[in-house]
Amino acid sequence: MAALRGLLDRPLASYYVLLSSAGLLLVIGLTMVFSATSVTEYANGGNAFGALTKQALFAVIGLVAFWACQRLPARTFRALGRPVLGLSVALLLVLNGLLVLFPVGDPDLKIGKLGPLMASLNWLHLGPVQVQPSELAKFGLVLWGADLVARKGAELGYWRELALPLFPVVGLLFVLVGFNDLGTMLCLLALLVGLLWAAGVRMRVFATLSLLGLAGIGLLVAAASSGGGSGSSDQPNYRLLRLTTFINPPPDCAENACYQLREARLAIDHGGWFGVGLGRGIAKWDWLPQAHNDFIFAVIAEELGVVGCAVVLALFAVLTYSGLRIARRVDDPFRRLAAAAATTWLVGQAIINVGGVTGLLPITGLPLPFISDGGSALVVTLAAIGMLASFARAEPDAARALNARPPARWVRLVWAPLPPLPADRRGRSSPAPAAGDAPPRSGKRRDGQTRSESGRVAGSRAARERAGPANERRR
């Protein structure tokens with residue numbers, strides 16, 4: 001433990017811990033995507049590497065986004081908040097508008113089309129390009145919300161400052177996202193809670209927000225009866241069935257409401273402590289729906305066992321620690337709020353996914369960060385990790401260490417520039433001494449003797465006392 005504390009006390013510990021945990025999760029994700037999709041990809045198209053190639057391409061794009069974000073200063077992130085959030089809201093409006101105004105085909109398929117644009121439930125298609133606007137909304141809410149709350153500062157104690165413009169924008173975002181995807185809306189809610197918690201908002205505000213959030217979730221659950229999400233007006237409310245099945249599971253869980261949960265539990269039971277071996281699971285052979293996406297944690301449990309699941313959960317715990325450590329150590333309010341919100345977003349999404357797969361929470365259809373198959377989610381997640389890496393390099397101790405021993409010029413050009421020094425090392429004047437402090441070194445004493453003179457007199461007197469009487473010196 002002493003050695004571990006010594007490693008964590010190093011200036012760049014947050015940066016390396018963050019990169020290590022995120023990098024290992026990315027490698028595990030690519031491996032498990034290949035394992036979960038190779039069988040069906042080979043059966044359908046004759047190429048077992050089809051899904052892996054696509055996911056690896058998005059991983060490369062995500063690493064480019066990570067590299068770009070870790071080079072940006074805080075003022076650039078603050079400037080990007082409003083455009084990113086505005087773009088995500090515009091894409092969500094286009095998505096919902098196509099589904100409502102221009103539906104095509106079977107209404108249960110939730111497809112809308114206008115010219116080259118096509119919408120399918122949560123995705124926008126423009127030719128071969130496919131985008132999920134709700135993923136971009138998460139990153140936009142982190143940047144815009146952190147900038148807004150940081151600018152308000154102590155005024156957050158007033159309801160008026162919280163209500164305008166934070167609550168209307170968040171409410172609009174929740175409606176646009178939650179109507180089709182309740183799980184992503186819950187992730188946005190966790191993000192908002194993390195942001196306000198880091199800002200120090202009073203508990204009664206959280207109590208009020210909890211009541212409003214429960215009421216909104218109830219309305220979105222009821223919206224599935226009229227076509228919200230994957231629901232249909234002539235079919236049972238699937239969101240309500242998921243809740244009732246979670247609260248009171250039927251003895252024979254073979255219906256659609258809990259079939260997925262039953263297959264996930266069978267896969268977990270089959271894996272045992274050490275799993276059946278990587279690639280040797282059977283749940284992915286079209287027994288477990290969405291085995292490569294929402295329920296990939298069940299594939300990990302079957303093939304790698306409890307040990308593999310513990311490794312994945314431990315890496316998420318390390319990622320949580322590094323994100324909250326960055327939020328605690330940075331001295332800029334925007335960096336602190338954005339780091340706390342991004343960490344809450346990623347960890348909250350992981351908790352919701354793992355809880356749904358294991359039956360500890362209702363199923364919401366939310367992917368597991370870094371692990372599940374999905375291009376938009378992976379790119380945005382790696383961009384958020386790049387932002388956290390930029391903040392980790394801007395910690396006061398890390399900034400001083402990097403500026404004291406700067407890397408080579410080509411490293412700074414290729415990887416990341418030097419972070420700015422903290423304010424106390426850039427020539428900021430020191431505060432005036434408070435009442436009762438010691439007088440300055442060059443000040444006058446009350447008897448008119450300067451401090452330097454009194455120091456010489458005291459020094460000579462002490463020297464004579466150490467030397468002793470004259471007869472002792474002669475002896």
**OP:** Please report the C-alpha distance between Lys138 and Leu188 in whole Å, then the side-chain angles of each, then the deciding distance to 0.1 Å, and finally whether the side-chain contact (heavy atoms from CB on, under 4.5 Å) criterion is met.
**Re:** CA-CA 6 Å; Lys138 299 174 186 176; Leu188 290 173; 3.8 Å; yes
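- Counting heavy atoms from C-beta outward, Ile363 and Thr245 have side chains that stay 4.5 Å or more apart.
- Between Met32 and Leu304, some side-chain heavy-atom pair lies under the 4.5 Å cut-off.
- For the pair Arg329 and Ser14, the tightest heavy-atom approach, listed with the atom from each and the gap, is CD-OG, 4.2 Å.
- The backbone N or O of Asp331 lies less than 3.5 Å from no partner atom in the side chain of Arg336, so there is not a single donor-acceptor pair.
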Subject >> Check against side-chain contact (heavy atoms from CB on, under 4.5 Å), Leu85 and Leu143 >> reply: CA-CA 8 Å; Leu85 185 65; Leu143 300 178; over 6 Å; no
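- By the 4.5 Å heavy-atom criterion applied to side chains, Leu63 and Leu26 are counted as neighbours.
- The stretch residues 83-96 participates, sequence neighbours left out, in these side-chain hydrogen bond (donor to acceptor under 3.5 Å, both in side chains) pairs: Asn96-Asn180.
- In this structure, the side chain of Gln55 engages the main chain of Gly374 through a donor-acceptor pair within 3.5 Å.
- Within the model, atoms OG1 of Thr364 and CG of Asp294 stand 7.5 Å from one another, a figure rounded to the nearest 0.5 Å.
- Using a 4.5 Å heavy-atom cutoff, the side chains of Trp345 and Val380 are in contact.
- A donor-acceptor distance shorter than 3.5 angstrom exists from the side chain of Ser390 to the backbone of Leu72, with no hydrogens or angles considered.
- Between Ala36 and Ala291 the shortest heavy-atom distance is CB-O, 4.0 Å.
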Original post:
Would Leu346 and Ile385 count as a side-chain contact (heavy atoms from CB on, under 4.5 Å) if you check the C-alpha gap in whole Å, the side-chain angles of each, and the deciding distance to 0.1 Å?
Top reply: CA-CA 10 Å; Leu346 296 176; Ile385 295 297; 3.9 Å; yes
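- What you find for Leu388 and Ala342 is that their closest heavy atoms are CD2-CB, 4.4 Å.
- Residues Tyr16 and Ser322 fail the side-chain proximity criterion, which asks for heavy atoms closer than 4.5 Å.
- Evaluation of the ring-ring contact (aromatic ring centres under 6.0 Å, His included) test over residues 166-204, restricted to residues two or more places apart or in two chains, returns none.
- Contact of the Gln349 side chain with the Pro367 side chain is registered, since non-hydrogen atoms from C-beta on lie closer than 4.5 Å.
- When every heavy atom of Val131 is checked against every heavy atom of Ser376, the shortest pair comes out as CA-OG, 3.7 Å.
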**OP:** Evaluate side-chain contact (heavy atoms from CB on, under 4.5 Å) for Leu12 paired with Leu402, printing each intermediate quantity in order.
**Re:** CA-CA 9 Å; Leu12 289 169; Leu402 289 172; 3.8 Å; yes
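- To the nearest 0.5 Å, atom CH2 of residue Trp273 and atom SG of residue Cys309 are 11.0 Å apart.
- Minimum heavy-atom separation, Ser21 to Val318: CB-CG1, 3.9 Å.
- Remark: the backbone N or O of Pro417 is paired with a side-chain donor or acceptor of Arg393 at under 3.5 angstrom.
- Using a 4.0 Å cut-off between a side-chain N of Lys or Arg and a carboxylate O of Asp or Glu, Arg265 and Asp269 do not qualify as a salt bridge.
- Between Phe334 and Phe391, the two ring planes are perpendicular [angle over 60°; tilted spans 30° to 60°].
- Interatomic distance, Glu263 CD to Asp286 CG, rounded to the nearest 0.5 Å: 11.0 Å.
- Side-chain atoms of Trp67 come within 3.5 Å of backbone atoms of Val414 as a donor-acceptor pair (strictly under, hydrogens ignored).
- Note: Leu288 CG to Glu302 CD = 8.5 Å, rounded to the nearest 0.5 Å.
- For NZ of Lys152, the number of neighbouring non-hydrogen atoms (other residues, nucleotides, ligands) closer than 6.0 Å is greater than 12.
- Proximity of Thr381 to Phe139: side-chain heavy atoms (C-beta onward) are nowhere separated by under 4.5 Å.
- The shortest heavy-atom contact between Phe206 and Val201 is CE1-O, 3.4 Å.
- For Ser35 (side chain) and Thr31 (main-chain N/O), no donor-acceptor pair under 3.5 Å exists by modelled atom type.
- Leu136 contributes atom CG, which lies 5.5 Å from atom CG of Leu87 (distance to the nearest 0.5 angstrom).
- Scanning for salt bridge (charged side-chain N to carboxylate O under 4.0 Å, His left out) contacts around Glu303 gives Lys284, with sequence neighbours left out.
- Side-chain contact between Met118 and Ile111: present, with at least one pair of heavy atoms (C-beta onward) separated by less than 4.5 Å.
- With rounding to the nearest 0.5 angstrom, the CG atom of Leu366 is 5.5 Å from the CD1 atom of Ile352.
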